[in-house]
*Asks:* 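Below is a structure I'd like to ask you about.
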Amino acid sequence: MRALAGSLLTCDVAVKQMILAIDERMPCIIMDLDDTHMLVNSKMVEQLRTMLEAEVRGPALTAV
């Protein structure tokens, strides 16, 4: 078994569901600990943050 650098994330359940969906496309979760905590690959933290921010913002709306 190889050691990985991990970061402990604490988030609410809704954000965790978004991270789980991202993990299906781009594996980043090392261990799912409980409803609000998970250990993720430290190299992926900033990329996850960017993807979550984009997900929360959603598509841009423009006035017609």
*Asks:* So, using side chain to side chain contact (heavy atoms under 4.5 Å, CB included) as the criterion, who are the partners of T36 when residues are at least two apart?
*Replies:* D34

*Asks:* Cluster question for you: counting only ILVMFWY and a side-chain heavy-atom cut-off of under 4.5 Å, with indirect links fine, are V15 and L9 together?
*Replies:* yes

*Asks:* Under 4.5 Å side-chain heavy-atom separation, chaining through any Ile, Leu, Val, Met, Phe, Trp or Tyr, what else clusters with V13? Say none if it is isolated.
*Replies:* none

*Asks:* Please give me the minimum heavy-atom distance between S42 and S7, naming the atom from each residue.
*Replies:* OG-OG, 2.9 Å

*Asks:* Using a 4.5 Å cut-off on heavy atoms from C-beta on, say whether the side chain of V40 contacts that of V45.
*Replies:* yes

*Asks:* Can you name the side chain to side chain contact (heavy atoms under 4.5 Å, CB included) partners of M31, sequence neighbours left out?
*Replies:* L33, L39

*Asks:* Apply side-chain hydrogen bond (donor to acceptor under 3.5 Å, both in side chains) to T10 and list each qualifying residue two or more places apart in sequence or on a separate chain.
*Replies:* H37

*Asks:* Say you draw a straight line from CG of L48 to CD of E53; how long is it, rounded to the nearest 0.5 Å?
*Replies:* 11.0 Å

*Asks:* Can you give me the closest heavy-atom contact between I19 and C11, atom names plus distance?
*Replies:* CD1-SG, 4.3 Å

*Asks:* Please say yes or no: joined through hydrophobic side-chain contacts below 4.5 Å, possibly via intermediate residues, are L52 and M38 part of one cluster?
*Replies:* yes

*Asks:* Excluding sequence neighbours, so at least two apart, what forms side chain to side chain contact (heavy atoms under 4.5 Å, CB included) with E55?
*Replies:* M18

*Asks:* Which residue pairs pass the side-chain hydrogen bond (donor to acceptor under 3.5 Å, both in side chains) test with at least one member in residues 13-31, sequence neighbours excluded?
*Replies:* K16-D32

